[in-house]
Enquirer: 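So that we are looking at the same thing, I have put the structure below in structure tokens.
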Amino acid sequence: MALKIIESCVNCYACEPLCPSKAIFMGKTHFMINPRKCTECEDDYKDPQCASICPIEGAILDKLGAPINPPGSLTGIPPERMAEAMAELQAH
Ligand code: SF4
Ligand code: SF4
């Protein structure tokens with residue numbers, strides 16, 4: 001069982017030092033999680049430490065491929081309102 005970091009990772013380095021399993025490493029273009037090392041923090045913490053600190057919504061997926069911090073969960077902006085705001089910005 002392992003989490004996964006995807007390409008929307010902005011390489012902020014916040015998660016890497018927090019991983020109790022030393023499973024996080026810099027890949028070719030962004031940080032990645034070694035699935036053989038990741039324990040989902042189960043033995044050490046209540047929550048996955050990487051996903052708890054990651055500032056980017058959707059950058060870390062659970063073992064089923066669902067974002068642990070889904071759209072709106074960190075910004076507090078509902079996804080549909082964010083889409084409207086982006087459309088307004090692009091219209092100007
Ligand atoms: S869930 Fe825990 S063990 Fe797995 S990569 Fe994130 S911090 Fe490391
Ligand atoms: S905390 Fe998130 S954005 Fe930062 S390096 Fe880790 S996965 Fe990437």
Side-chain angles (χ1 to χ4, degrees):
M1 295 205 293
L3 305 194
K4 184 178 182 189
I5 297 172
I6 63 171
E7 60 280 358
S8 51
C9 164
V10 296
N11 299 330
C12 75
Y13 284 77
C15 58
E16 191 268 345
L18 297 187
C19 177
S21 313
K22 303 208 178 316
I24 301 176
F25 63 99
M26 187 63 193
K28 283 204 179 86
T29 57
H30 61 82
F31 278 89
M32 302 184 73
I33 293 173
N34 181 336
R36 290 193 301 271
K37 287 188 174 178
C38 175
T39 59
E40 298 189 20
C41 287
E42 273 176 357
D43 298 334
D44 300 286
Y45 298 97
K46 190 165 68 68
D47 300 309
Q49 295 298 286
C50 54
S52 294
I53 195 142
C54 181
I56 305 300
E57 293 172 345
I60 302 183
L61 307 182
D62 68 15
K63 57 181 176 291
L64 301 176
I68 296 186
N69 298 313
S73 63
L74 302 180
T75 61
I77 302 170
E80 59 279 8
R81 182 66 193 102
M82 180 67 100
E84 283 170 21
M86 294 306 287
E88 278 171 29
L89 280 175
Q90 280 161 10
H92 289 289

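When a ligand or atom number is given, it counts from 1 through the structure's own listing order. All values derive from a computational prediction rather than experimental measurement.
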Enquirer: Using a cut-off of strictly less than 2.8 Å, determine whether C54 has an N/O/S atom near atom 2 (Fe) of ligand 2.
Expert: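 Of the N, O and S atoms in C54, at least one lies under 2.8 Å from atom 2 (Fe) of ligand 2, which means yes.
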Enquirer: When rounded to the nearest 0.5 angstrom, what is the spacing between CG in N69 and CD1 in I56?
Expert: 10.0 Å
Enquirer: How long is the gap from CG on L61 to CD1 on I33, to the nearest 0.5 Å?
Expert: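 Output value for this atom pair is 9.0 Å.
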Enquirer: Show which atoms of ligand 1 fall inside a sub-4.0 Å distance from at least one heavy-atom site of C19.
Expert: 3 (S), 5 (S), 7 (S), 8 (Fe)
Enquirer: Quick one: which ligand 1 atoms are inside 4.0 Å of a heavy atom on L3?
Expert: 1 (S)
Enquirer: What is the distance from atom CG of L3 to atom CD1 of I68, rounded to the nearest 0.5 Å?
Expert: 4.0 Å
Enquirer: Rounded at 0.5 Å granularity, tell me how far CD in E40 sits from SG in C50.
Expert: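 It comes to 9.0 Å.
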Enquirer: If you have a sec, work out which protein heavy atom is nearest atom 8 (Fe) of ligand 2 and how many Å separate them, to one decimal?
Expert: C9 SG, 2.3 Å
Enquirer: Just heavy atoms, cut-off under 4.0 Å: does D44 contact ligand 1 by side chain, backbone, both, or neither?
Expert: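 No part of D44 comes within reach of ligand 1.
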Enquirer: To the nearest 0.5 Å, how far apart are CD1 in I24 and CD in Q49?
Expert: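 Going from CD1 on I24 over to CD on Q49, the span is 9.5 Å.
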Enquirer: With heavy atoms only and a cut-off of under 4.0 Å, state how V10 meets ligand 2: side chain, backbone, both or neither.
Expert: both
Enquirer: Among the heavy atoms of L18, does any lie under 4.0 Å from an atom of ligand 1?
Expert: no
Enquirer: Pick one of side chain, backbone, both or neither for how A59 approaches ligand 2, counting any non-hydrogen atom pair under 4.0 Å.
Expert: neither
Enquirer: Around atom 6 (Fe) of ligand 2, find the nearest protein heavy atom and jot down its residue, atom name and distance.
Expert: C15 SG, 2.3 Å
Enquirer: Nearest 0.5 Å, what's the NZ-CE distance between K28 and M26?
Expert: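 Here the rounded value is 12.0 Å.
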Enquirer: Compare all side-chain heavy atoms of S73 with those of P70 and state whether any distance is below 4.5 angstrom.
Expert: yes
Enquirer: Who's the nearest protein heavy-atom neighbour of atom 4 (Fe) of ligand 2, and how far?
Expert: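 Its nearest protein heavy-atom neighbour is C12 SG, 2.3 Å.
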Enquirer: Please report, to 0.1 Å, the donor-acceptor pairs under 3.5 Å made by any side chain of residues 5-15, with sequence neighbours excluded.
Expert:
| from | atom 1 | to | atom 2 | distance (Å) |
| --- | --- | --- | --- | --- |
| N11 | OD1 | F31 | N | 3.3 |
| N11 | ND2 | T29 | O | 3.1 |

Enquirer: Could you tell me, atom by atom, which parts of ligand 1 come under 4.0 Å of a heavy atom of P48?
Expert: 1 (S)
Enquirer: Can you report which non-hydrogen protein atom sits closest to atom 2 (Fe) of ligand 1, along with the distance?
Expert: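 Here the nearest protein heavy atom works out to C41 SG, 2.2 Å.
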Enquirer: With a cut-off of 2.8 Å, does any N, O or S atom of C50 fall short of it relative to atom 8 (Fe) of ligand 1?
Expert: no
Enquirer: Answer side chain, backbone, both or neither: which part of T39 comes under 4.0 Å from ligand 1, heavy atoms only.
Expert: both
